[in-house]
Amino acid sequence: MALNMKLYVTYGSPYARLARIIVIEKALEERVEIIEAKTRTPGSPYYQINPFGRVPYLVDDSGMGMEDSQLICAHLDALDGSPRFHGAQHVSDLAYRRLEFAARSMCDGIAVWGREMVRPETERSPTTLAHEVARAHRMADSFEDHVMGSLMQGTPGMAHLILVVAIEMARKRGLGDLTSGRAQLTNWLRAASDLPSMRRTAPP
């Protein structure tokens, strides 16, 4: 089957990683071409494709472009008519959706910390950095309890994927190991991150 969709990514983006995970999990690698975009670069040709300049960005087989990892992941997951990560048991379950958006909030905060750290040291905000570190640890404490519940022990959905991506991003970018001193989160992460798609998309 010809590659007829294009997924623009950067390999350090946690949001693009989520889309790449769905491509692998849903066996879409023969339909979706992964293209590395140049973002945060003046005059990048990518801005002609996506004027917003962010990743991930999907151009589907009709030529329509879409941004935002939530939208893209849901679209890719549903292409075969049998969504695995956005199934009815997840989408209609408010308790699970709360966990999904909590994991996304955690991921967002860690991403803010990471963007702040790539600034020149004299331009970084100590207040922002301290706030996001403290918030990440509070949320890790919260998930230390949540991961033992039936919702996070069951069939993986987006909450599972986002939480793994967030924790691994924190470790990779230098914020710290959010599983340290949290035995339940450590054990959960070990199992959840064992998916082949997780290993194949591990951050550089």
Side-chain angles (χ1 to χ4, degrees), residues 1-37 39 46 49-112 139 143 146-147 149-169 188 192-193 195-203:
M1 183 180 294
L3 294 167
N4 52 8
M5 289 186 279
K6 295 179 177 9
L7 178 64
Y8 293 87
V9 306
T10 59
Y11 290 103
S13 165
Y15 307 103
R17 184 184 180 193
L18 289 167
R20 290 163 56 215
I21 288 169
I22 298 296
V23 168
I24 294 169
E25 289 295 324
K26 296 305 297 271
L28 292 170
E29 291 170 283
E30 293 188 1
R31 292 187 62 186
V32 180
E33 180 181 4
I34 306 292
I35 302 172
E36 185 172 12
T39 61
Y46 177 56
I49 298 165
N50 175 16
F52 301 105
R54 301 190 305 174
V55 292
Y57 187 75
L58 179 71
V59 179
D60 71 7
D61 46 16
S62 72
M64 180 179 67
M66 62 187 80
E67 188 184 89
D68 189 84
S69 60
Q70 294 182 67
L71 175 63
I72 291 169
C73 288
H75 177 70
L76 293 173
D77 193 17
L79 283 174
D80 62 359
S82 300
R84 280 175 53 200
F85 300 96
H86 301 78
Q89 76 275 24
H90 293 139
V91 174
S92 63
D93 189 332
L94 180 60
Y96 187 85
R97 294 287 281 174
R98 286 179 61 246
L99 292 177
E100 177 183 337
F101 281 91
R104 191 172 294 277
S105 177
M106 183 179 185
C107 189
D108 290 344
I110 295 167
V112 168
M139 298 198 74
F143 274 108
H146 287 313
V147 293
S150 59
L151 293 174
M152 294 299 286
Q153 291 289 324
T155 304
M158 288 306 299
H160 297 68
L161 303 186
I162 296 166
L163 184 57
V164 171
V165 166
I167 293 172
E168 291 188 347
M169 174 174 56
W188 180 88
S193 61
L195 284 172
S197 60
M198 291 291 184
R199 296 195 298 269
R200 289 177 56 188
T201 62

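Bear in mind the structure is a predicted one, so any value in this text is a computation, not a measurement.
By the neighbour-count criterion of 12 heavy atoms within 6.0 Å, atom OH of Y11 is densely surrounded, having more than that number from other residues, nucleotides or ligands. Sparse packing is recorded around CZ of R54, with 12 or fewer heavy atoms of other residues, nucleotides or ligands lying under 6.0 Å away.
Counting all heavy atoms, side chain and backbone alike, S193 lies closest to R199 at O-CG, 4.1 Å. Nearest heavy atom pair, residue P14 against residue C107, reads CB-SG, 3.9 Å. Here the closest non-hydrogen pair linking D80 and D77 is OD1-O, 3.4 Å. Shown here for F143 and M106, the closest heavy-atom pair between the two residues is CD1-SD, 4.1 Å. The nearest pair of heavy atoms linking L163 to A103 is N-CB, 4.0 Å. Of all heavy-atom pairs spanning Q153 and W188, the tightest one is NE2-CD1, 3.8 Å.
With values rounded to the nearest 0.5 angstrom, L151 atom CG is found 10.0 Å from R98 atom CZ. One distance of note links CE of M139 with CD1 of I110; it measures 8.5 Å at 0.5 Å rounding. Here I22 contributes atom CD1 and H75 contributes atom NE2; the two are 12.5 Å apart, rounded to the nearest 0.5 Å. Note: R104 CZ to R97 CZ = 9.0 Å, rounded to the nearest 0.5 Å. Between the CG atom of D108 and the CZ atom of F101 there is a distance of 10.5 Å, given to the nearest 0.5 Å. One distance of note links CD of E29 with CD1 of I24; it measures 5.0 Å at 0.5 Å rounding.
No donor-acceptor pair under 3.5 Å is formed between the side chain of H90 and the backbone N or O of A159. At least one donor-acceptor pair under 3.5 Å links the side chain of Y96 to the backbone N or O of G157.
Inter-residue side-chain proximity for C73 and H86 is flagged as met; some heavy-atom pair is nearer than 4.5 Å.
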Working for side-chain contact (heavy atoms from CB on, under 4.5 Å), residues L7 and I72 = CA-CA 9 Å; L7 178 64; I72 291 169; 4.2 Å; yes
H160 and L195: side-chain contact (heavy atoms from CB on, under 4.5 Å), yes or no, with the steps?
-> CA-CA 11 Å; H160 297 68; L195 284 172; over 6 Å; no
Apply side-chain contact (heavy atoms from CB on, under 4.5 Å) to L79 and R31, showing your working.
-> CA-CA 11 Å; L79 283 174; R31 292 187 62 186; 4.3 Å; yes
Residue pair L161, R17: steps toward the side-chain contact (heavy atoms from CB on, under 4.5 Å) verdict = CA-CA 10 Å; L161 303 186; R17 184 184 180 193; over 6 Å; no
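Partner of S197 under the side chain to side chain donor-acceptor pair (under 3.5 Å) criterion, chosen from K26, R20, E25: E25. In summary, of the residues considered (V165, L18, V55), a side chain to side chain contact (heavy atoms under 4.5 Å, CB included) with S13 occurs for V55 alone.
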